[in-house]
Amino acid sequence: MKRLWAPWRLEYIQTADEQEGCVFCRACTDEDGEDLVVRRGEHAFVLLNRYPYAAGHLMVAPYRHEGEFVDLTRDEVVEIHQLAAGGLGALGEAMRPQGFNLGWNLGRIAGAGVVDHVHLHVVPRWAGDTNFMPVLAEVKVIPESLADTRRKLAETWAR
Ligand SMILES: [Zn+2]
């Protein structure tokens, strides 16, 4: 396996269990979400992963702090998937990826960084990037800043 220098992963590993409260619950408030939230729905919202595996790595989460996938409501399930579909459209137009991985990591052993607020990953893919399984355990150098990505996606989505 290749080793890539990715300081944000180290920061993540060092702070994942130290941060106060839930990153999703914090992000969906206006003051904390400003720099990450791309799109807000009625029951769920879309944010950039602060520690992405690829540029444009989105996560779709319910507003409600829910750790059990099976306990999502019908409204949440439907809107999460509608927002994921919208994310594919915005990413497709703004960043021209050649494919996508969509997935749920349930439980730490499955790669979930946050286990008590379920979220759907939307990861754009380009030829020559890493395969999906290594993506879950490895890192990748990101050529674009989060702020640039967020602005580009939010603007594209709003059109
Ligand atoms: Zn939460």
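Each ligand, and each atom within it, is numbered from 1 in the order the structure gives.
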Nearest 0.5 angstrom please: H43 NE2 to Q82 CD, how far? 9.5 Å
Distance from E66 atom CD to E68 atom CD, nearest 0.5 Å? 6.5 Å
State, to the nearest 10 degrees, the angle whose vertex is the Zn ion (ligand 1) and whose arms point to SG of C25 and SG of C22. 120°
Look at the aromatic rings of F24 and F45 and report parallel, tilted or perpendicular, splitting at 30° and 60°. perpendicular
W104 vs H81 aromatic rings, parallel, tilted or perpendicular, using cut-offs 30° and 60°? tilted
What N/O/S atom of H65 is the closest to the Zn ion (ligand 1)? ND1
For H117, the N, O or S atom at the shortest distance from the Zn ion (ligand 1) is ND1
